[in-house]
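Please read these numbers as outputs of a predicted model, since none were measured by experiment. Per chain, numbering begins at 1; letters A, B, ... match sequence-line order.
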Amino acid sequence: MRFSKLFAPTLKESPADAEIPSHKLLVRAGFIRKKASGLYDILPLGVRVLLKIEKIIREEMNRAGAQEVILPIMHPAELWIESGRWNAYGKEMIKFEDRHGRSYALGPTAEEMITDLVRKEVKSYKDLPLNLYQIGRKFRDEIRPRFGLMRAREFIMKDAYSFHTSDEDAEREYWNMYETYSRIFSRMGLKFKAVEADTGEIGGSFSHEFMVIADTGEGKLVFCEKCGYAASTEKAEAVKPEVPESRESLFKEIEKVSTPNVKRIEEVSNFLNVPKNNILKLLVYIVDGKPVAVAVRGDKDVEETKLKNAFKAKEIRLATEEEIEKFTGQPKGFLSPINLPIPVYADYSVIPLVNFVAGAGEKDYHLRNVNWGRDFKVEKFIDVAEVKGGEPCPKCGNPLTEKRGIEVGHIFKLGTKYSKAMNATFVDENGEEKPIVMGCYGIGVTRVMAAAVEQNYDENGIVWTPEIAPFEVIVIPVNVKNDEIRETAEKIYEELKNKGLDVLIDDRNARPGFKFKDADLIGIPVQVIVGKKVSEGKVEIKVRKTGEKAEVPIEEAASRTLETLWELQSK
RNA sequence: CGGGGCGUGGCGCAGCCUGGUUAGCGCGCUUGGUUCGGGACCAAGAGGUCGGGGGUUCAAAUCCCCCCGCCCCGACCA
């Protein structure tokens with residue numbers, strides 16, 4: 001490809017509406033343009049990267065035995081009504097009608113569509129197992145699209161669905177996909193972690209998220225360097241503490257203290273000079289319409305996904321101030337677990353607490369030396385606090401490491417949720433009709449592109465790994481008006497193309513500095529710079545990532561470039 | 001949905017508070033020339049319904065109201 005013909009409008013300045021590096025750089029370097037909130041034009045450079053990402057995905061999915069299909073983006077409403085998700089999926093789904101008044105949705109995911117296909121065509125155990133995937137656009141009307149490609153309303157996803165005669169076989173495929181995903185992200189040169197995850201809207205029994213480690217990630221994860229345990233904080237389990245021996249003997253008398261206008265844990269801690277971890281934080285949640293009190297240690301945060309799961313609830317939310325007063329008869333900010341008219345569920349972190357501070361149930365007062373069991377009843381101890389770095393690993397006890405990550409892949413073992421709802425069955429060896437057991441597996445293709453940038457950039461621009469770079473090499477003649485330089489560059493360009501590389505030649509009549517800036521910004525991994533030293537028979541090979549330069553004889557330029565790429569890939 | 005911010009040539013911004021001639025600046029673009037190893041310089045140009053609508057006023061980019069778009073924070077610590 002010749003740069004003079006390439007539609008890659010680069011910008012000197014970052015767009016005003018971009019916040020995170022991947023968004024700024026992808027726009028600046030001419031990979032994407034915003035069309036509207038959460039909607040992006042993808043320009044040729046962006047398409048090149050996406051195609052490379054898709055190529056790796058296809059190769060690995062095919063190798064794993066999956067087969068590609070293309071399903072409509074327009075989903076008939078009936079299927080979603082049948083699965084019960086037409087309303088359950090909610091406002092995130094874009095719905096519309098055709099001229100006949102028939103309802104459709106723009107597919108946010110395709111369990112219904114694929115299950116419909118398979119239930120019609122698959123009748124016997126002999127047709128199973130089956131793993132079908134597609135790579136295409138998905139639509140989700142996000143509450144708040146943000147961070148460029150990271151959370152867009154239209155995006156490209158690879159979604160795969162597998163079908164099995166048994167739970168065991170579905171599990172086998174689950175791990176097959178786990179391995180496949182690991183290979184996919186490794187091949188892309190990304191630093192990632194597979195973490196145990198919540199199953200969320202999709203449902204199913206267990207799942208893993210593949211997270212690309214990056215500070216700007218929306219997700220948090222913890223992992224154990226020792227035993228390999230890794231989980232999303234939406235899922236990570238806390239170690240259940242022992243009830244302290246003879247704790248009753250330590251109990252002191254409750255003492256009521258005046259705490260005028262002191263509400264927040266931070267304020268209480270300072271005012272009473274008590275560490276946050278000896279204060280009870282009491283929250284009122286509305287769990288599927290019913291109020292419950294949730295107690296956690298003062299220095300902990302409630303992880304709402306864990307809470308939702310602990311109650312097997314459909315919907316949970318914090319109570320409003322009015323609701324709190326209505327259901328508890330106590331003022332917000334001074335809630336006491338004592339004599340609460342609603343049940344108190346306590347997080348594991350409350351178990352070891354003795355003589356702690358809690359609200360007094362009346363304005364401007366707290367209590368010291370409160371003890372669960374003696375002063376109030378705990379309905380049940382549940383694990384609902386967010387696990388943080390430094391806390392013990394639930395598997396081996398080693399302190400956990402905490403990182404932020406971008407979810408680029410998610411695999412689920414679905415079980416029979418959809419096959420039962422949609423009556424997708426097969427006949428087994430004994431002539432018995434059974435529901436098909438399913439799994440599903442997604443990769444956010446456009447998000448991978450953003451995540452890759454988020455993980456690989458510097459002050460000069462993007463630094464692509466060779467595997468997904470839009471071009472593997474750029475040949476830069478520093479002055480195209482100099483015949484010797486131009487001709488040498490053209491020769492090397494042809495040679496590199498003949499070696500099968502994706503190569504760009506910057507044949508623009510521009511100053512060298514201008515070309516260097518663009519090459520760095522776009523992030524092409526290897527630059528072959530053809531300058532004045534051609535007269536001495538030499539050109540320069542520069543590695544974008546490290547800035548290392550090597551002078552090589554013209555004849556070796558192509559082979560040395562190839563070697564350089566090899567080295568970059570093996571790292 | 002709640003809160004905050006922004007909207008001025010293609011891009012990034014100033015001007016607005018305190019209304020007053022031709023609405024500025026940098027980048028980019030066009031033409032000519034000089035340059036040519038880290039986003040050159042000189043000269044001459046083109047390009048704007050100041051997001052939209054309504055209002056106040058002799059006069060509105062500027063003040064008021066409504067709407068639209070975009071961004072950020074939040075929808076959590078009782």
Side-chain angles (χ1 to χ4, degrees), chain A residues 9-20 23-24 27-30 33-39 91 143-148 151 259 262-269 276 279-286 291 293-305 307 316-325 327-328 330-337 340 342 344 347 349 358-361 363 366 384-386 459-461 476-482 485-486 506 508-522 527 529-534 539-540 542 547 549:
Chain A
T10 57
L11 264 27
K12 222 169 181 174
E13 284 168 292
S14 287
D17 57 10
E19 202 66 21
I20 62 169
H23 188 193
K24 287 182 186 171
V27 172
R28 271 193 65 201
R33 284 293 184 266
K34 186 170 69 195
K35 182 96 313 171
S37 180
L39 300 174
K91 309 114 278 160
I143 306 175
R144 186 179 153 211
R146 64 182 122 181
F147 302 145
R151 186 165 293 279
T259 52
V262 176
K263 297 178 182 175
R264 301 172 129 260
I265 296 296
E266 186 79 41
E267 295 164 355
V268 174
S269 172
K276 285 198 275 188
I279 301 174
L280 191 78
K281 182 167 12 180
L282 200 57
L283 308 157
V284 178
Y285 274 91
I286 307 294
V294 176
V296 295
R297 208 172 73 192
D299 58 332
K300 296 276 191 176
D301 297 321
V302 169
E303 168 50 66
E304 294 193 349
T305 304
L307 182 64
I316 61 155
R317 61 174 176 85
L318 278 169
T320 62
E321 187 161 354
E322 297 75 55
E323 285 171 328
I324 291 169
E325 285 169 19
F327 292 128
T328 66
Q330 298 182 6
K332 177 182 170 178
F334 301 95
L335 286 187
S336 168
L340 256 198
I342 57 175
V344 177
D347 179 65
S349 59
K363 196 172 180 317
H366 277 77
V384 294
E386 182 185 303
E459 63 281 4
N460 294 317
I476 306 177
V478 298
N479 183 353
V480 292
K481 286 187 178 162
N482 176 312
I485 288 176
R486 189 187 64 246
D506 196 343
R508 296 174 299 177
N509 179 20
R511 296 162 57 85
F514 187 87
K515 295 184 178 184
F516 295 149
K517 287 286 185 191
D518 262 356
D520 285 352
L521 178 61
I522 291 169
Q527 306 171 358
I529 301 163
V530 184
K532 285 192 203 106
K533 287 211 171 164
V534 281
V539 296
E540 220 167 52
K542 185 183 161 191
K549 288 181 190 171

* Asked: Quick one: which of B/rG39, B/rC71, B/rC73 gets closest to the side chain of A/R146?
  -> B/rC73
* Side chain of A/K34: nearest nucleotide among B/rC76, B/rC71, B/rC73? -> B/rC71
* Check ring-ring contact (aromatic ring centres under 6.0 Å, His included) between A/F327 and all other residues, then give those that pass, not counting sequence neighbours. =>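 Expected list: none.
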When the [atom1] atoms of [M] and [N] are compared, how many Å lie between them, rounded to an integer?
| N | M | atom1 | result |
| --- | --- | --- | --- |
| B/rU30 | B/rA60 | C1' | 34 Å |
| B/rC36 | B/rC42 | C1' | 16 Å |
| B/rG51 | B/rC16 | C1' | 16 Å |
| B/rA23 | B/rC65 | P | 27 Å |

* Asked: Would you find a donor on one side and an acceptor on the other, under 3.5 Å apart, between the side chain of A/D347 and the backbone of A/V384?
  ->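 Such a contact is found between A/D347 side chain and A/V384 backbone.
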* Asked: Got a sec, which residues hit side chain to side chain contact (heavy atoms under 4.5 Å, CB included) with A/R297, two or more places apart in sequence or on another chain?
  -> A/N277, A/D299, A/K300, A/S349, A/L353
* A/A18: side chain to side chain contact (heavy atoms under 4.5 Å, CB included) partners, not counting sequence neighbours -> A/P15, A/H23, A/K24
* Go through the N and O atoms of the side chain of A/D518 and the base of B/rG39, and report whether any donor-acceptor pair is under 3.5 Å. => yes
* Asked: Does the base of B/rG37 carry an N or O that pairs as donor and acceptor with the side chain of A/N479 under 3.5 Å?
  ->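 Counting by modelled atom types and ignoring angles, no donor-acceptor contact under 3.5 Å is found here.
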* **With A/E304 via side chain to side chain donor-acceptor pair (under 3.5 Å) - residues at least two apart** => A/Y285
* Asked: If you find the nucleotide of RNA chain B closest to A/E266 and the one closest to A/V530, which residue's nucleotide is nearer the 5' end?
  ->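 Its nearest nucleotide being more 5', the pick is A/V530.
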* If you pin A/L283 and A/R28 to their nearest nucleotides in RNA chain B, which one's is more 5'? -> A/R28
* Asked: Contact class for A/F147 (heavy atom, under 4.0 Å): base, sugar-phosphate, or nothing?
  -> sugar-phosphate
* May I ask you to say what A/A18 touches in the nucleic acid, namely base, sugar-phosphate or nothing, with a heavy-atom cut-off under 4.0 Å? => nothing
List in chain and number order the residues that pass salt bridge (charged side-chain N to carboxylate O under 4.0 Å, His left out) with [X], two or more places apart in sequence or in another chain; answer none if no residue qualifies.
| X | value |
| --- | --- |
| A/R264 | none |
| A/K542 | A/D520 |
| A/R511 | none |

* **Spacing of A/D506 atom CG relative to B/rG39 atom C1', expressed in whole Å** => 12 Å
* Asked: When every nucleotide of nucleotides 1-15 of chain B is labelled 5' to 3' by its protein contacts under 4.0 Å (heavy atoms), B for base, S for sugar-phosphate only, - for none, what sequence of letters results?
  -> -----------SS--
* Report, as a single string ordered 5' to 3', how protein heavy atoms within less than 4.0 Å touch nucleotides 40-53 of chain B: B base, S sugar-phosphate only, - not at all. => B-------------
* Asked: For B/rG37, does either OP1 or OP2 sit under 4.0 Å from a side-chain N or O belonging to A/K532?
  -> yes
